[in-house]
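The structure appears below as structure tokens.
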Amino acid sequence: MNIILSIISTIVVYLLMAKVYKRFNYPFLLPVVTASIIIIVGLLVLNIPYEVYMEGGKWLQHLLGPAIVGLAYPLYNQRHLLVKYKYSIISGLFIAMISGLISVYVFLALFNIEKELILTALPKSLTTPIAMQVSETIGGIAPLTAALVMVAGFTGAILGPSVFKLAKINSSISRGMAMGSASHGVGISKLIEYGEEDLSIGSVSMSLSAIIGAVICPIFALLII
């Protein structure tokens, strides 16, 4: 019974928030954000343990794999863009990863945050499974890293469109790389609204950022320890 209730409640809440977002279309009403908040508040108010909720939630979690594989379709349709801009994409992602690591370190170091928490925050822009593994490798706190990954994703999805407007970024390549390298899957979900080109570049950027980050993060951590 718990399994059915968890699955149905999650789907219903998401669909309702999707309707609200479609009606008002404010960035902070992004369904993945609002639905997550409502579910968390609901669990706390009703005093439902996370483990009980995940009896059903894990079945939805299993669908993440097929969903990621599904990104291969728009990627295949826009493969000509990848070939045309391959050097720009690869070099841009290296710069994005390095600048992201430096900015996180400098910002936290200015506030005298302890080293363990800095190491925990470094992989925040990688997709969750890889971010947690990297965090454990470099001496961070993996569960906290997972939370920071979510924060990075929500922040990018909510603020990204405003940054694009203010900076007058109209290129699908630039938008896709920005979201994919900084806000991973949650950010990519926002790119669907821009079109297939943005979505394709975003999915590639997310995948490559995870690979690049898995190599660069440990090296950077050794340099700052």
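Starting from 1, each residue takes its place in the sequence as its number. Note: hydrogens, waters and symmetry copies are ignored here, and every other heavy atom, side chains too, is used.
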Looking only at heavy atoms, what is the nearest atom pair of [X] and [Y], with distance?
| X | Y | answer |
| --- | --- | --- |
| Leu93 | Ser181 | CD2-CB, 3.7 Å |
| Ser103 | Gly100 | OG-O, 2.9 Å |
| Gly156 | Ser183 | CA-OG, 3.0 Å |
| Ser209 | Gly180 | OG-O, 4.3 Å |
| Ser88 | Ser91 | O-OG, 3.2 Å |
| Gly153 | Val186 | O-CG1, 3.5 Å |

Less than 4.5 Å apart, side chain to side chain, heavy atoms only: is that true for [X] and [Y]?
| X | Y | value |
| --- | --- | --- |
| Glu116 | Leu119 | no |
| Val33 | Phe28 | no |
| Pro161 | Lys190 | yes |
| Ile89 | Met177 | yes |
| Met17 | Ile38 | yes |
| Leu30 | Glu193 | yes |
| Met97 | Leu126 | yes |
| Ile201 | Glu197 | no |

Taking Ile224's backbone N and O only, do any of them form a donor-acceptor pair with Lys115's side chain (distance below 3.5 Å, no angle check)?
yes
Distance-only criterion, 3.5 Å: show the donor-acceptor pairs between side-chain atoms of residues 130-149 and protein atoms not counting sequence neighbours.
residue: Ser135; atom: OG; partner: Ile141; partner atom: N; Å: 3.4
residue: Ser135; atom: OG; partner: Thr145; partner atom: OG1; Å: 2.7
residue: Thr137; atom: OG1; partner: Gln133; partner atom: O; Å: 2.9
residue: Thr145; atom: OG1; partner: Thr120; partner atom: O; Å: 2.8
residue: Thr145; atom: OG1; partner: Ile141; partner atom: O; Å: 3.2

Around atom [atom1] of [X], are there more than 12 heavy atoms from other residues, nucleotides or ligands closer than 6.0 Å?
| X | atom1 | result |
| --- | --- | --- |
| Phe107 | CZ | no |
| Lys86 | NZ | yes |
| Phe164 | CZ | yes |

Q: Go through the steps to decide whether Leu5 and Tyr53 satisfy the test side chain to side chain contact (heavy atoms under 4.5 Å, CB included), and finish with yes or no.
A: CA-CA 9 Å; Leu5 287 175; Tyr53 168 75; over 6 Å; no
*From CA spacing to verdict: side chain to side chain contact (heavy atoms under 4.5 Å, CB included), Tyr105, Ile118*: CA-CA 6 Å; Tyr105 173 71; Ile118 293 178; 3.8 Å; yes
Could you check Ile169 against Arg175 for side chain to side chain contact (heavy atoms under 4.5 Å, CB included), going step by step and ending with a plain yes or no? CA-CA 7 Å; Ile169 299 175; Arg175 287 193 298 253; 4.1 Å; yes
Determine whether Cys217 and Leu101 satisfy the following criterion, side chain to side chain contact (heavy atoms under 4.5 Å, CB included), listing intermediate values before the conclusion. CA-CA 8 Å; Cys217 271; Leu101 292 172; 3.5 Å; yes
To the nearest 0.5 Å, atom OG of Ser172 lies from atom CG of Leu81 at 6.0 Å
Output for pair (Thr127 OG1, Ile188 CD1), nearest 0.5 Å, gives 8.5 Å
Q) So, Thr34 and Tyr14: side-chain donor and acceptor under 3.5 Å apart, yes or no? A) no
